[in-house]
Amino acid sequence: MDDQGLLRETLCEVLAKELDIEVVGGTADSETAVRIATEKRPDVILLDGPDAGGIVSLLAEMKRVSPISRCIVLTSCTHPALVREALRLRVSAFLAKNVMREEVITAIRSVVVHPDQIVLSLPTESLVAARDQDGPRLSARELQIIENVAQGMSNGQIASRLEITEATVKRHLRNIFDKLGAVSRIDAVNKAKSVLIVPPPRGRPGRTAAPRAGAFSVPSWS
């Protein structure tokens, strides 16, 4: 089992011990996560993904299939573009993965009791940059594309990873070039980094984990 799978199972076990929290699902697969959210309509959904684009896409899909659910992003990726997009999609909480388990439990309860408030636990600079950033806005798919380009992947490799055609990748790249005012792939990556759209490299090119999502149900309190 990988570290992320162990973390997910541990979190499920911790939450299941809470008398007022019912765990209704946990999975490492984004399609299964969406199916669980569609069928269970949980009060609270915890989610993560392999990159900022994946998290944004999964968050948007969860909001579509279960609009009543409060979504909590729990991730090690806290760069400003992701924070800004998560807030735009009306995330209920955004937590960095270095939080204590008690903070996660408190956040779950808080978003149910206070649905009109947002729980944030992330570096101050990420929040300030997300608030002040006035740069180009890339779509979730464009964010995925430029992150993969930054990892040195070819159009064919990106198409295979995202299960789209190379022609679609090229179309998204043209849009990215236009938005960033870039003239080449390297120029696009450099400009994306300069406005904090993509984070610094975090590992070897071509290796990311599958999207992860957990769905948890919290009873309504009077």
Side-chain angles (χ1 to χ4, degrees), residues 1-52 54-79 82-124 126-127 130 140 208-222:
M1 180 184 297
D2 61 18
D3 292 341
Q4 296 300 338
L6 180 60
L7 175 62
R8 185 179 60 257
E9 289 201 359
T10 300
L11 182 57
C12 286
E13 291 174 1
V14 168
L15 294 177
K17 293 178 180 179
E18 298 297 316
L19 297 179
D20 59 341
I21 297 178
E22 176 190 359
V23 179
V24 299
T27 178
D29 176 72
S30 59
E31 291 185 4
T32 303
V34 172
R35 178 177 56 78
I36 292 173
T38 303
E39 295 175 354
K40 301 292 187 179
R41 298 296 179 90
D43 295 308
V44 180
I45 296 173
L46 271 70
L47 59 89
D48 190 10
D51 50 43
I55 295 171
V56 171
S57 295
L58 188 55
L59 175 58
E61 187 66 6
M62 291 298 189
K63 286 289 188 179
R64 185 185 69 82
V65 301
S66 185
I68 66 170
S69 299
R70 283 83 164 182
C71 292
I72 297 177
V73 171
L74 176 63
T75 181
S76 58
C77 179
T78 59
H79 64 79
L82 172 58
V83 177
R84 186 188 65 220
E85 288 304 302
L87 292 174
R88 182 181 65 83
L89 289 169
R90 301 182 68 81
V91 72
S92 293
F94 195 115
L95 310 177
K97 273 189 177 174
N98 59 358
V99 297
M100 303 296 290
R101 63 182 62 180
E102 291 81 8
E103 293 180 76
V104 177
I105 295 171
T106 298
I108 291 173
R109 291 174 176 144
S110 179
V111 300
V112 173
V113 177
H114 304 290
D116 57 335
Q117 298 179 12
I118 300 175
V119 179
L120 297 175
S121 180
L122 68 161
T124 302
S126 295
L127 183 58
T208 58
R212 298 174 299 282
F216 308 100
S217 180
V218 182
S220 298
W221 299 342
S222 57

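Owing to the predicted nature of the structure, the values given are computational and were not obtained by experimental measurement.
At least one side-chain heavy atom of Leu46 sits less than 4.5 Å from a side-chain heavy atom of Ile108. In this structure the side chain of Phe94 reaches within 4.5 angstrom of the side chain of Thr75, judged on heavy atoms. Between Leu47 and Val73 there is a side-chain heavy-atom pair separated by less than 4.5 Å. Looking at Arg35 and Thr32, their side chains come closer than 4.5 Å, going by heavy atoms from C-beta outward.
When every heavy atom of Val34 is checked against every heavy atom of Met62, the shortest pair comes out as N-CE, 4.0 Å. Across every non-hydrogen atom of Arg64 and Glu61, the tightest pair is NH2-OE2, 2.6 Å. The minimum heavy-atom distance linking Val99 with Ser121 is given by the pair CG1-OG, 3.2 Å. Minimum interatomic distance between Val65 and Ala37 (heavy atoms only, all atoms of both residues): CG2-CB, 4.1 Å. Considering every non-hydrogen atom in both Gly25 and Ile36, the closest pair reads CA-CD1, 4.2 Å. Pairing each heavy atom of Cys77 with each of Leu82, the nearest pair is O-CD2, 3.1 Å.
In this structure, Leu87 CG and Ser92 OG are separated by 11.0 Å, a value rounded to the nearest 0.5 Å. From Lys97, atom NZ reaches atom OG1 of Thr78 across 12.0 Å, with rounding to the nearest 0.5 Å. Going from atom CG of Asp43 over to atom CD1 of Ile68 covers 6.5 Å, rounded to the nearest 0.5 Å.
Within a 6.0 Å radius of CZ in Arg90, no more than 12 heavy atoms belonging to other residues, nucleotides or ligands are found. Taking a 6.0 Å sphere around CD of Glu18, one finds it holds more than 12 heavy atoms contributed by other residues, nucleotides or ligands.
Panel note: side chain Arg70, backbone Pro42; no donor-acceptor pair is recorded below 3.5 Å. In this structure a side-chain-to-backbone donor-acceptor pair under 3.5 Å is present from Thr106 to Glu102.
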Exercise. Can Glu103 and Leu95 be said to form a side chain to side chain contact (heavy atoms under 4.5 Å, CB included), step by step?
Worked result: CA-CA 9 Å; Glu103 293 180 76; Leu95 310 177; 5.9 Å; no
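Residue Asp48 is tested with Ile72, Ile55, Leu74, Leu58 for a side chain to side chain contact (heavy atoms under 4.5 Å, CB included); the sole match is Ile55.
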